Amino acid sequence: MRYIFLSVLLLCTSLSATAAPPTAKLISVKKIWDQAPHCAFTDLAFWKGHFVCAFREGRAHVATDGKIRVLSSADGESWSPAALLSLDGFDLRDAGLSVTPDNRLMLIGGAAPRKNEKEHVPTGTFVAFSEDGITWTKPKIVSEPGRWLWRVNWHEGKAYGISYSSSRPTSGAPFTALLVSDDGLHYRDLVPKLFDEESPTEATVRFDDDGTMYCLQRRDGRPTWKSAVFGASRPPYTEWKWHDLGMHVGGPNFIRLPSGQWIAAGRFFHDKKPKTELASLDIENSTIEPILSLPSGGDTSYPGLVWHDNVLWVSYYSSHEGKANVYVAKVSIE
């Protein structure tokens with residue numbers, strides 16, 4: 001009996017080590033907004049019994065008139081405008097949604113003090129809050145231009161996020177920093193210099209059930225797109241281990257499914273052509289493997305991810321139909 005048990009244990013261990021990535025199947029995809037020349041940089045939440053999708057709309061990918069549009073849907077199929085946020089003198093960009101400990105919806109995004117069309121300027125960060133998704137507090141600058149706190153995630157009453165250099169540093173290489181806040185408005189450095197190899201930019205952090213923090217970090221070093229890195233840290237989150245994922249991920253996002261599997265999403269390249277894709281993220285081996293390309297191309301990516309009713313809902317934008325519009329896809333994961 002002992003030998004049978006050991007054989008079964010070894011077999012299970014072998015199967016676990018070589019387990020295939022999950023299978024993803026596209027159920028449907030729907031264009032939910034095209035009412036601006038350029039609609040982009042999305043995020044998605046399911047909050048208080050309905051879906052919320054937030055994104056930027058403006059004249060172009062880079063312009064002076066960027067505003068954040070918020071849509072609402074009871075079923076994920078029919079969408080209606082809920083709010084439009086703006087801030088004088090700033091191009092608002094890259095919406096990120098999260099839920100605060102007191103169950104308010106928090107919106108975070110970039111704030112670029114752009115005075116001329118297509119002008120490249122240092123970007124900072126704004127936040128706004130809502131109790132109903134319709135009425136929002138006035139966008140407030142929480143990170144001055146030059147350091148962009150791209151997205152936050154709440155864990156045990158605190159908001160954690162990673163800021164990056166949105167302007168060329170006066171000395172040294174561009175770097176990211178791990179920030180933490182008790183209220184979503186006032187942030188302090190937890191790790192002042194987190195990562196500084198090959199121009200790190202956008203990053204998303206998530207937490208496992210045991211409190212481990214994971215980070216999916218984009219890198220933009222030139223002349224070619226650099227591969228993303230994956231980091232992990234245990235509390236108090238001051239010591240990190242990093243692994244090169246071997247492929248570029250733009251607009252990175254990832255989510256843990258109830259099964260324990262992790263799914264990443266973002267802009268991937270195939271034969272130098274961009275696509276918004278889902279990928280299996282193996283946190284034990286720090287590897288990533290694309291599993292599903294969504295209908296997309298050209299100017300595309302920045303997905304939002306929600307698991308609801310045993311389906312993965314994905315918001316994203318793409319210009320494969322002529323201009324940048326916002327889409328929501330439903331995907332089954334097995």
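Note that this is a predicted model, so its numbers are computed, not measured.
No side-chain N or O of Q261 forms a donor-acceptor pair with one of S280 less than 3.5 Å apart. Using a 3.5 Å distance cut-off with no hydrogens or angles, the side chains of N285 and T287 do not pair a donor with an acceptor. Side-chain contact check for D244 and S227: at least one donor-acceptor pair (N or O, by modelled atom type) lies under 3.5 Å. Counting only N and O atoms by type, the side chains of T42 and S315 include a donor and acceptor under 3.5 Å apart. Residues Q217 and Y164 have side chains that never bring a donor and an acceptor to within less than 3.5 angstrom of each other. No donor-acceptor contact under 3.5 angstrom links the side chains of T276 and S301, judged on distance only. Side chain to side chain, R59 and T64 meet the donor-acceptor criterion of an N or O pair below 3.5 Å. Looking only at atom types and distance, the side chain of D132 has a donor-acceptor partner in the side chain of S130 under 3.5 Å away. R219 and S199 are not linked by any side-chain donor-acceptor pair at a separation below 3.5 angstrom, with hydrogens and angles left out of the test.
Taking the six-membered ring where tryptophan is involved, the planes of W225 and F269 are essentially parallel, since the angle between them stays under 30° and well short of 60°. Between H155 and F207, the angle of the ring planes stays under 30°, which puts this pair in the parallel group of the 30/60° scheme. The aromatic rings of F41 and Y317 lie perpendicular to each other, with more than 60° between the two planes, well past the 30° mark. The aromatic rings of H320 and Y327 sit tilted relative to each other, their planes meeting at an angle between 30° and 60°. Note: F51 and H308 have perpendicular aromatic rings, judged against thresholds of 30 and 60 degrees for the angle between ring planes.
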Next item on the list: Kindly determine whether S293 and E277 satisfy side chain to side chain donor-acceptor pair (under 3.5 Å), including the steps that lead there.
Entry: CA-CA 4 Å; S293 291; E277 291 194 328; 2.3 Å; yes
Item checked: Intermediate values then yes/no, ring pair (Phe, Tyr, Trp, His ring centres under 6.0 Å), W154 and Y160 -> CA-CA 6 Å; W154 290 85; Y160 294 86; 9.0 Å; no
Checklist line | R147 and S166: CA distance, side-chain angles, deciding distance, side chain to side chain donor-acceptor pair (under 3.5 Å) verdict | finding: CA-CA 6 Å; R147 294 297 303 175; S166 60; over 6 Å; no
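Comment: R56 does not engage D43 in a salt bridge, judged by the lack of any side-chain N to carboxylate O separation of less than 4.0 angstrom. Between E77 and K330 there is a salt bridge, since a side-chain N of the basic residue sits under 4.0 Å from a carboxylate O of the acidic one. The pair D102-R104 counts as a salt bridge, with a side-chain nitrogen and a carboxylate oxygen less than 4.0 angstrom apart. Under a 4.0 Å N-O distance rule, the pair R69/E57 qualifies as a salt bridge. Ion pair K158/D182 flagged as a salt bridge, since at least one NZ, NE, NH1 or NH2 atom sits closer than 4.0 Å to an Asp/Glu carboxylate oxygen. A salt bridge does not link D94 with R151: none of the charged nitrogens is closer than 4.0 Å to a carboxylate oxygen. Ion pair D209/R256 flagged as a salt bridge, since at least one NZ, NE, NH1 or NH2 atom sits closer than 4.0 Å to an Asp/Glu carboxylate oxygen.
Side-chain contact between L294 and Y316: present, with at least one pair of heavy atoms (C-beta onward) separated by less than 4.5 Å.
R218 forms no cation-pi arrangement with F195, by the criterion of a distance under 6.0 Å to the ring centre and an angle within 45° of the ring axis. Stacking of K275 on the aromatic ring of F268 is not recorded, the 6.0 Å distance cut-off and the 45° axial limit not both being met. A cation-pi arrangement, defined by a distance under 6.0 Å to the six-membered ring centre and an angle within 45 degrees of its axis, is absent between R206 and Y214.
Side-chain heavy atoms closer than 4.5 Å link hydrophobic residues (I, L, V, M, F, W, Y) into clusters, and following such links, even through other members, never connects V328 to L312. A single hydrophobic cluster is not seen to contain both V29 and W313; linkage of ILVMFWY side chains at heavy-atom distances under 4.5 Å, directly or through other members, places them apart. Under the 4.5 Å side-chain heavy-atom criterion for grouping Ile, Leu, Val, Met, Phe, Trp and Tyr, L105 is connected to L107 within one hydrophobic cluster. Residues V70 and F126 share a hydrophobic cluster, clusters being chains of Ile/Leu/Val/Met/Phe/Trp/Tyr side chains in contact below 4.5 Å. One hydrophobic cluster holds both V229 and W240 under the rule that ILVMFWY side chains link at heavy-atom gaps under 4.5 Å.
Note that CZ of F129 and NZ of K140 are 10.0 Å apart. Values are rounded to the nearest 0.5 Å. Atom CG of L185 and atom OH of Y187 lie 7.0 Å apart (nearest 0.5 Å).
Taking a 6.0 Å sphere around CD of E131, one finds it holds 12 or fewer heavy atoms contributed by other residues, nucleotides or ligands. Atom NZ of K25 has 12 or fewer heavy atoms from other residues, nucleotides or ligands within 6.0 Å. Environment of NZ in K48: crowded, with over 12 heavy atoms of neighbouring residues, nucleotides or ligands closer than 6.0 Å. By the 6.0 Å contact criterion, NZ on K118 is open, its count of non-hydrogen atoms from other residues, nucleotides or ligands being 12 or less. For E239, the CD atom sits in a loose shell: 12 or fewer heavy atoms of surrounding residues, nucleotides or ligands are nearer than 6.0 Å.
The backbone N or O of P145 sits nowhere less than 3.5 Å from a side-chain atom of T123 that would complete a donor-acceptor pair.
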